[in-house]
2 protein chains.
Amino acid sequence: MTTIDSSQDHAGRRLAAADAELLADSIRSAGLKVTAPRLAVLRALTVMPHSNAEALFGAVHADLPGTSLQAVYGVLASFGTAGLVRKIEPAGSPALFERRVGDNHHHIVCTRCSVVHDVDCAVGHAPCLTPADALGFDVRAAEVIYWGLCAQCQLDTSNP
Amino acid sequence: MTTIDSSQDHAGRRLAAADAELLADSIRSAGLKVTAPRLAVLRALTVMPHSNAEALFGAVHADLPGTSLQAVYGVLASFGTAGLVRKIEPAGSPALFERRVGDNHHHIVCTRCSVVHDVDCAVGHAPCLTPADALGFDVRAAEVIYWGLCAQCQLDTSNP
DNA sequence: CATTTGTTTTGAGTGAATCAAAACAAATGC
DNA sequence: GCATTTGTTTTGATTCACTCAAAACAAATG
């Protein structure tokens with residue numbers, strides 16, 4: 001009974017359908033079967049990047065009430081290995097997910113409100129891939145997390 | 001009954017005692033009370049940096065069988081807030097601890113065997129503290145984790 | 001040595017994630 | 001179209017790393 005296109009109103013129908021097709025295509029071309037939970041997770045991730053599994057479950061569950069939290073974990077795991085999403089794990093936070101993959105961008109996290117933004121590399125191209133001394137390691141990736149106060153929290157803490 | 005100096009043999013005694021005094025001093029000068037579990041954790045951390053709480057508990061428990069895992073967590077938490085140890089949390093790993101604090105060095109983790117080494121900053125002084133665009137954030141810290149294969153694992157995987 | 005303050009033990013509890021088996025749905029071939 | 005195969009999702013239990021709280025205890029201070 002659940003249709004894959006979750007739009008109910010006439011106005012948004014055409015757009016949502018096209019959107020669903022795009023989402024479906026990226027799932028298919030990653031070599032995965034297209035299912036309603038997968039579409040719902042991918043759509044949620046488009047609207048709210050840097051979300052954790054719980055938050056995505058909330059969003060998905062609103063559209064598709066039958067979906068379980070474990071299904072969301074399963075979808076995210078398959079998306080992860082298929083290269084469709086990237087998982088980031090800032091210290092002290094549950095894992096967050098985003099659709100922006102393939103470029104090596106980094107993240108900046110607010111120590112007060114935990115908001116996360118993408119940031120491009122500090123220095124030129126594939127910047128941080130060169131430690132001063134790699135100690136014999138074959139370095140494959142560099143992950144940078146900046147910590148600080150976001151603009152809003154700077155205001156909030158200076159005017160308490 | 002448990003003495004703070006855990007050395008039992010004559011040969012190592014003088015050195016171990018001096019060592020214990022050094023450890024005790026750093027704990028005291030961080031404003032914390034000196035206790036047997038704290039000395040044991042700090043000593044273990046000196047011998048095996050980049051250890052997790054469980055591993056430290058193992059080492060501590062060998063010297064000081066009465067010590068609980070929760071005590072180790074408590075010691076690590078107090079050391080952390082006192083600035084005596086640094087906690088690192090690589091993705092997919094329990095938290096690791098090290099005594100090297102105050103410099104902003106980074107880490108390189110083997111994706112195969114999980115060994116961790118310290119690496120100095122990629123570029124000059126306080127290097128990674130400048131993202132391309134900080135998006136209004138007041139950036140306070142940058143954490144870099146390099147991922148790759150350690151020298152040993154490169155050998156192991158090319159000669160299977 | 002008595003007191004105060006802070007630490008450790010003991011035991012329970014939490015959040016985030018994983019695992020396994022059975023039920024189910026999408027893609028494929030007939 | 002329908003049956004089969006393959007892969008996904010549900011359900012339910014379980015694990016791991018860690019946190020919390022109260023009582024017992026030990027270090028520092030006077």
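Residue numbering restarts at 1 for every chain, and letters A, B, ... go by the order of the sequence lines. Being a predicted model, the structure only gives us computed values, none of them experimental.
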B/Asp25 atom CG is separated from D/dA28 atom P, nearest whole Å, by 12 Å
Measure from CZ on A/Phe57 to C1' on C/dA16 and round the result to the nearest Å.
14 Å
B/Arg112 versus B/Leu149, closest heavy-atom pair with distance:
CB-CD2, 3.6 Å
Quickly work out the A/Glu89 CD to C/dT18 C1' distance and round it to whole Å.
13 Å
Could you walk me through whether B/Arg99 and B/Thr46 pass side chain to side chain donor-acceptor pair (under 3.5 Å), step by step?
CA-CA 7 Å; B/Arg99 289 192 67 187; B/Thr46 306; 2.8 Å; yes
Would A/Val116 end up clustered with B/Val144 when hydrophobic side chains under 4.5 Å apart are linked, directly or stepwise?
no
Can B/Val72 be reached from B/Val85 by stepping across I, L, V, M, F, W or Y side chains whose heavy atoms are under 4.5 Å apart?
yes
Read 5' to 3' with Watson-Crick or G-U pairs under 3.5 Å, [ ] for crossing pairs and | for partners on another strand, DNA chain D gives ||||||||||||||||||||||||||||||
Test of understanding: clusters of I, L, V, M, F, W, Y form through side-chain heavy atoms closer than 4.5 Å, transitively. Do A/Phe97 and A/Leu39 belong to the same one?
yes
If I take atom CG in residue A/Leu39 and atom C1' in nucleotide C/dA26, what distance separates them, rounded to the nearest angstrom?
12 Å
Scan nucleotides 4-14 of chain D nucleotide by nucleotide, 5' to 3', and note B when protein non-hydrogen atoms come under 4.0 Å of the base, S if they reach only the sugar-phosphate, - if neither.
--BSSSBBBB-
Please give, in whole Å, the distance from D/dA17 P to B/Leu96 CG?
11 Å
Select base, sugar-phosphate, or nothing to describe what B/Ala77 touches, counting heavy atoms under 4.0 Å on all strands.
nothing
B/Val101 with B/Leu22, same ILVMFWY side-chain cluster at under 4.5 Å
no
Approximate separation, where rounding is to 0.5 Å, of B/Thr81 OG1 and B/Leu32 CG
7.0 Å
Between A/His107 and A/Asp118, does a side chain to side chain donor-acceptor pair (under 3.5 Å) hold up when you go through it step by step?
CA-CA 5 Å; A/His107 297 95; A/Asp118 292 333; 3.2 Å; yes
Length of the OH-P vector between B/Tyr73 and C/dG11, whole Å:
19 Å
